[in-house]
Amino acid sequence: MSSPFVSPSAPAGRADLPPLTRPDGSSVRALVVDDELNLAELLTSALRLEGMEVAAAPDGGSALRLAREMVPDLVVLDVMLPDMDGFTVLRRLRAQGARMPVLFLTARDAVEDRVAGLTVGGDDYVTKPFSLEEVVARARGLLRRAGAVTRSEDGVLVVGDLELDEDAHEVRRAGEDIHLTVTEFELLRFFMRNPRRVLSKAQILDRVWNYDFGGQSSIVELYVSYLRRKIDKGREPTIHTLRGVGYVLKPAASTTERGARA
């Protein structure tokens with residue numbers, strides 16, 4: 001019988017991303033439960049790119065069996081399944097003593113459905129259609145709050161006077177708060193994880209828009225311009241363009257350094 005896990009190793013161009021790991025250094029394990037094959041594959045790949053080992057189940061019965069075998073750190077659970085609903089699956093998991101965080105996925109958006117999911121022991125709730133980056137962000141948050149993963153310097157990236165808090169989804173430059181959309185935040189995070197490294201449009205598309213966009217490089221130019229307006233406007237530029245090559249994020253020179261060059 002083949003293993004239900006997808007290899008957690010990052011494909012080419014993504015090895016720079018720090019994987020999520022347990023406190024003991026082993027890979028985080030996630031279980032995706034959804035009977036829509038294409039969606040399950042996308043979710044599995046998205047979580048794998050975060051460094052997780054991922055198993056997928058198409059129904060409640062398979063999910064319960066896999067949960068006993070793999071003991072996941074996280075379950076991404078669709079409410080509408082062919083044999084039993086996700087609420088029943090979670091009740092049975094909790095009855096078995098499972099305490100991992102559970103993120104519900106559903107097309108239902110009624111308040112009573114959301115309340116039902118949280119009442120039976122769910123930890124968060126995402127309504128279809130959703131962006132994969134939102135699911136990944138929520139999954140990361142649930143794992144951190146549950147203490148299932150290690151935290152790297154409290155999840156704060158710093159490049160010069162620019163700070164990005166991965167846990168709180170907050171950005172500051174020189175102490176001033178900067179409000180970004182989800183996509184702008186993900187783009188800036190990719191830049192800040194790779195400071196002084198030239199990133200091609202293809203690499204950026206692959207990291208930020210791999211599942212949600214068809215691949216036109218013009219979208220990168222557009223979002224870089226959005227980011228520059230918020231990050232660099234009225235300040236020394238940090239995001240630089242190398243024509244025909246790509247973009248690079250460099251820390252802004254301090255006042256002392258600027259004076260020394262003058």
Hey, is K128 close enough to E36 for a salt bridge, meaning N to O under 4.0 Å? yes

Does any pair with a residue in residues 170-179 pass salt bridge (Lys or Arg N to Asp or Glu O under 4.0 Å), and if so which ones, sequence neighbours excluded? D161-R173, E170-R172, R172-D177, R173-D232, E176-R235

Only pairs at least two apart or in different chains count here, so list each ring pair (Phe, Tyr, Trp, His ring centres under 6.0 Å) that has a residue in residues 155-180. H169-F185

Would you say P251 and R196 make side-chain contact, with heavy atoms under 4.5 Å? yes

Salt bridge (Lys or Arg N to Asp or Glu O under 4.0 Å) against K230, all qualifying residues, sequence neighbours excluded: E184

Which residues pass the side-chain contact (heavy atoms from CB on, under 4.5 Å) test with P129, sequence neighbours left out? none

Partner residues of R94 under the salt bridge (Lys or Arg N to Asp or Glu O under 4.0 Å) criterion, sequence neighbours left out: D123

Would T241 and R228 count as having a side-chain donor-acceptor pair, cut-off 3.5 Å? yes

Determine whether L132 and V182 fall in the same hydrophobic cluster, where Ile, Leu, Val, Met, Phe, Trp and Tyr are linked whenever their side-chain heavy atoms lie under 4.5 Å apart. no

Between T88 and D85, is any pair of side-chain heavy atoms under 4.5 Å apart? yes

My understanding is that only residues two or more places apart in sequence, or in another chain, count here; which of them pass side-chain contact (heavy atoms from CB on, under 4.5 Å) with V245? V198, L242

Is any side-chain heavy atom of F104 less than 4.5 Å from a side-chain heavy atom of V76? no

Measure the shortest side-chain to side-chain distance between L43 and V135 over non-hydrogen atoms and say whether it is less than 4.5 angstrom. yes

Do L162 and M192 have side chains that get closer than 4.5 Å, going by heavy atoms? yes

Holding to ring-ring contact (aromatic ring centres under 6.0 Å, His included), I want the full list of residues that pass it with Y223, two or more places apart in sequence or in another chain. W209, Y226

E221: partners by side-chain contact (heavy atoms from CB on, under 4.5 Å), with sequence neighbours left out: K201, Y247

L103 and L77, any side-chain heavy atoms less than 4.5 Å apart: no

Would you check if L31 and V54 make a side-chain contact, meaning some heavy-atom pair closer than 4.5 Å? no

Side chains of M100 and L74 in contact at under 4.5 Å (non-hydrogen atoms): no

Are the charged groups of D124 and R138 less than 4.0 angstrom apart, N to O? yes

Applying side-chain contact (heavy atoms from CB on, under 4.5 Å), name anything that partners E163, two or more places apart in sequence or on another chain. V158

